[in-house]
Amino acid sequence: MNHQEEQQFYKLLRLSLRLTQEFPVDVDADGWRRLYQTAIRQSLVGVCYQGMCLLPEGSKPPVEIAMQWTSEAESIKGMNELRYIKRQHG
């Protein structure tokens, strides 16, 4: 990951945590792919997904990447809900 990609990732993370409302709009499809892969490597897919959802339509990733990200985030959400239910009843 180069310096610019690292900065984009941190900006997305800050947006996700609602520490800022800024995010660069010049991220291309490959940049979004790398951001998604970084989120996976850092175990922050669900957190960064929240930031992606806050972006205006023109700034969001291409549909293919957004669908992958959404699928992964929903899977994480489902697993967390199951763990919560098991903890409540087990």
Side-chain angles (χ1 to χ4, degrees):
M1 177 184 326
N2 66 36
H3 181 72
Q4 179 183 0
E5 291 168 348
E6 186 176 297
Q7 292 304 308
Q8 289 173 340
F9 179 74
Y10 289 132
K11 285 182 181 182
L12 178 60
L13 187 55
R14 283 192 295 274
L15 176 68
S16 302
L17 297 172
R18 296 177 188 251
L19 299 174
T20 186
Q21 293 181 351
E22 296 178 32
F23 187 76
V25 294
D26 60 344
V27 180
D28 62 9
D30 286 334
W32 275 111
R33 232 175 252 105
R34 287 189 293 274
L35 283 171
Y36 175 62
Q37 291 301 318
T38 300
I40 289 172
R41 279 193 309 277
Q42 299 295 328
S43 298
L44 292 170
V45 173
V47 172
C48 290
Y49 174 74
Q50 296 301 314
M52 184 191 75
C53 291
L54 294 172
L55 294 171
E57 282 306 312
S59 299
K60 290 187 179 186
V63 173
E64 176 186 315
I65 298 166
M67 294 292 284
Q68 285 179 317
W69 211 320
T70 301
S71 175
E72 184 69 24
E74 288 298 318
S75 176
I76 291 167
K77 180 181 174 184
M79 287 187 292
N80 287 340
E81 288 173 353
L82 285 174
R83 287 183 187 136
Y84 178 77
I85 289 169
K86 285 182 181 179
R87 232 182 281 142
Q88 294 294 324
H89 298 137

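Throughout, residue positions are numbered sequentially from 1 according to the sequence presented.
Here the CD atom belonging to Q50 is positioned 7.5 Å from the CZ atom belonging to R18, to the nearest 0.5 angstrom. Atom NZ of K11 and atom CD of Q4 lie 9.0 Å apart (nearest 0.5 Å). For the atom pair R83 CZ and K86 NZ, the distance stands at 8.5 Å (nearest 0.5 Å). Distance check, rounded to the nearest 0.5 Å: CH2 of W69 to CD1 of I40 gives 8.5 Å. Here the CG-CZ distance, from L54 to F23, works out to 11.0 Å after rounding to the nearest 0.5 Å. Atom CD in Q8 sits 8.0 Å away from atom CG in N2 (nearest 0.5 Å).
Tracing side-chain contacts under 4.5 Å through hydrophobic residues (I, L, V, M, F, W, Y), one reaches Y10 starting from V27; they form part of the same cluster.
Scored by the side-chain contact (heavy atoms from CB on, under 4.5 Å) test, L17 finds L13, L19, V47 as partners (sequence neighbours excluded).
Residue M67 shares its hydrophobic cluster (ILVMFWY side chains chained together at separations under 4.5 Å) with V63.
Between E6 and M1, the shortest heavy-atom contact is CA-SD, 3.2 Å. Taking both residues in full, the closest heavy atoms of E22 and T20 are given as N-OG1, 3.1 Å, listed atom of the first, atom of the second, then distance. Heavy-atom minimum distance, C48 versus F9: SG-CE1, 3.8 Å. Here the shortest heavy-atom pairing between L15 and Q21 reads CD1-CA, 3.9 Å. Among all heavy-atom pairs drawn from M52 and P61, the shortest one is SD-CG, 3.3 Å.
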Can you list, pair by pair, the side-chain donor-acceptor contacts under 3.5 Å of residues 28-37, counting residues two or more places apart and other chains?
from: D28; atom 1: OD1; to: D30; atom 2: N; distance (Å): 3.4
from: D28; atom 1: OD1; to: G31; atom 2: N; distance (Å): 2.7
from: D30; atom 1: OD1; to: R33; atom 2: NH1; distance (Å): 2.8
from: R34; atom 1: NE; to: E5; atom 2: OE2; distance (Å): 2.2
from: R34; atom 1: NH2; to: E5; atom 2: OE2; distance (Å): 3.1

